[in-house]
Amino acid sequence: MLRRRLGPRRLHPRPASVADLRFVFYAVHTPGTDAPWQPKTDVSLTELKGKVTDLDGQATPLNASALIYNSYGEYLLHLRDMREDIWAPGCWALLGGAHEPGDRTPEDTIRRELREEAGIAPRRLEAFLDEEVQDADGLTVPVRIFATLWDGDPARLRLTEGVMLAWFPPTTVPRLRLGGKTLDLIQRHARTPARG
């Protein structure tokens, strides 16, 4: 009876895609663990070797976030929903999110996320840095952080996720309840010369 509901039994599992393998390899190979990165020449299965030929032990960011700042040197922060099933519930954080099918690059990801979450369409995005963060499940994931100048009014935006958006000067940010590495990222960006 159980077998009928689940369908026919598979003798051979479906092969994983290259993206699935990359995630598994990078999730397992977390800096600070005892798991060694095995050289490609030591991979014995021909099928597996073909799927890992371009892996180098360095995770390529798929997720992306945006440091949005204005001409006054303030930073736009997003107050996240108070839900236990998301990253940094009830905290102020950068706008951003995860790679979805159709996103070819981290820049595609952040442009889509900004458009979907807040209706922001920045003219120019500059890759600021790549950072490793812990997601809601405790996994370390690489995130590409972009920076962009935007002088808009967040009160006029139609926010589709979270509670609100607001501008904060860097001196006020340390007094907020922040998600992840938000404070460090803002402080590092605020110290960079010739923003915008």
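Numbers for residues simply follow the sequence, beginning at 1. Quick caveat, the model's predicted, so the values are computed rather than measured.
- Side-chain atoms of Leu94 and Ile68, non-hydrogen and from C-beta on, never get closer than 4.5 Å to each other.
- The nearest pair of heavy atoms linking Ala190 to Pro170 is CB-CG, 4.2 Å.
- Residues Glu74 and Thr172 have side chains not in contact (no heavy-atom distance under 4.5 Å, counting atoms from C-beta outward).
- Counting only residues at least two apart or in different chains, salt bridge (charged side-chain N to carboxylate O under 4.0 Å, His left out) contacts with residues 143-153 comprise Asp130-Arg144.
- Using a 4.5 Å heavy-atom threshold, the side chains of His78 and Leu159 count as touching.
- At least one donor-acceptor pair under 3.5 Å links the side chain of Arg111 to the backbone N or O of Pro122.
- In this structure, Ala166 and Pro154 approach most closely via the heavy-atom pair CA-CG, 4.4 Å.
- Counting heavy atoms from C-beta on, the side chains of Cys91 and Leu178 never come closer than 4.5 Å.
- Between Gln187 and Pro174, the closest heavy-atom pair is NE2-CG, 4.3 Å.
- With contacts defined as side-chain heavy-atom distances shorter than 4.5 Å, the pair Leu77/Trp167 does not qualify.
- Remark: Arg124 engages Glu126 in a salt bridge, criterion side-chain N to carboxylate O under 4.0 Å.
- Side-chain atoms of Leu95 and Ser65, non-hydrogen and from C-beta on, never get closer than 4.5 Å to each other.
- Note on residues 94-105: pairs passing salt bridge (charged side-chain N to carboxylate O under 4.0 Å, His left out), not counting sequence neighbours, are Glu100-Arg112, Asp103-Arg112, Arg104-Asp108.
- Residues Leu129 and Leu185 are in side-chain contact: their nearest non-hydrogen atoms beyond the backbone lie under 4.5 Å apart.
- Counting heavy atoms from C-beta on, the side chains of Asn63 and Pro142 never come closer than 4.5 Å.
- A donor-acceptor contact shorter than 3.5 Å is absent between the side chain of Thr182 and the backbone of Ala93.
- The two atoms that bring Glu161 and Asp81 nearest to each other are C-OD2, 4.4 Å, heavy atoms only.
- Scanning both residues, Ala118 and Leu165, for their nearest heavy atoms gives CB-CD1, 3.8 Å.
- By the criterion of side-chain heavy atoms lying less than 4.5 angstrom apart, applied directly or through intervening Ile, Leu, Val, Met, Phe, Trp or Tyr residues, Leu183 is grouped together with Ile145 in one hydrophobic cluster.
- Closest non-hydrogen pair, Phe146 versus Ala64, comes out as CE1-CB, 4.0 Å.
- The closest donor-acceptor contact from the side chain of Tyr75 to the backbone of Asn70 lies at 3.5 Å or more, if one exists at all.
- Note on ring orientation: taking the six-membered ring where Trp is involved, the planes of His189 and Tyr69 are tilted (angle from 30° to 60°).
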Report task. Might you work through the side chain to side chain contact (heavy atoms under 4.5 Å, CB included) test for Arg158 and Thr160, ending with a clear yes or no? Result -> CA-CA 6 Å; Arg158 186 176 168 269; Thr160 61; 3.7 Å; yes
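- By the criterion of side-chain heavy atoms lying less than 4.5 angstrom apart, applied directly or through intervening Ile, Leu, Val, Met, Phe, Trp or Tyr residues, Trp92 is not grouped with Ile120; the two fall into different hydrophobic clusters.
- Under a hydrophobic-cluster definition in which Ile, Leu, Val, Met, Phe, Trp and Tyr are linked whenever side-chain heavy atoms come within less than 4.5 Å, directly or via other members, Leu67 and Leu76 are assigned to different clusters.
- Each of Leu114 and Met164 belongs to its own hydrophobic cluster when Ile, Leu, Val, Met, Phe, Trp and Tyr are linked at side-chain heavy-atom distances under 4.5 angstrom.
- Among residue pairs with one or both ends in residues 169-183, those qualifying as salt bridge (charged side-chain N to carboxylate O under 4.0 Å, His left out) are Glu131-Lys181; sequence neighbours excluded.
- Met82 is not connected to Leu176 by any chain of hydrophobic side-chain contacts under 4.5 Å among Ile, Leu, Val, Met, Phe, Trp and Tyr, and they are in different clusters.
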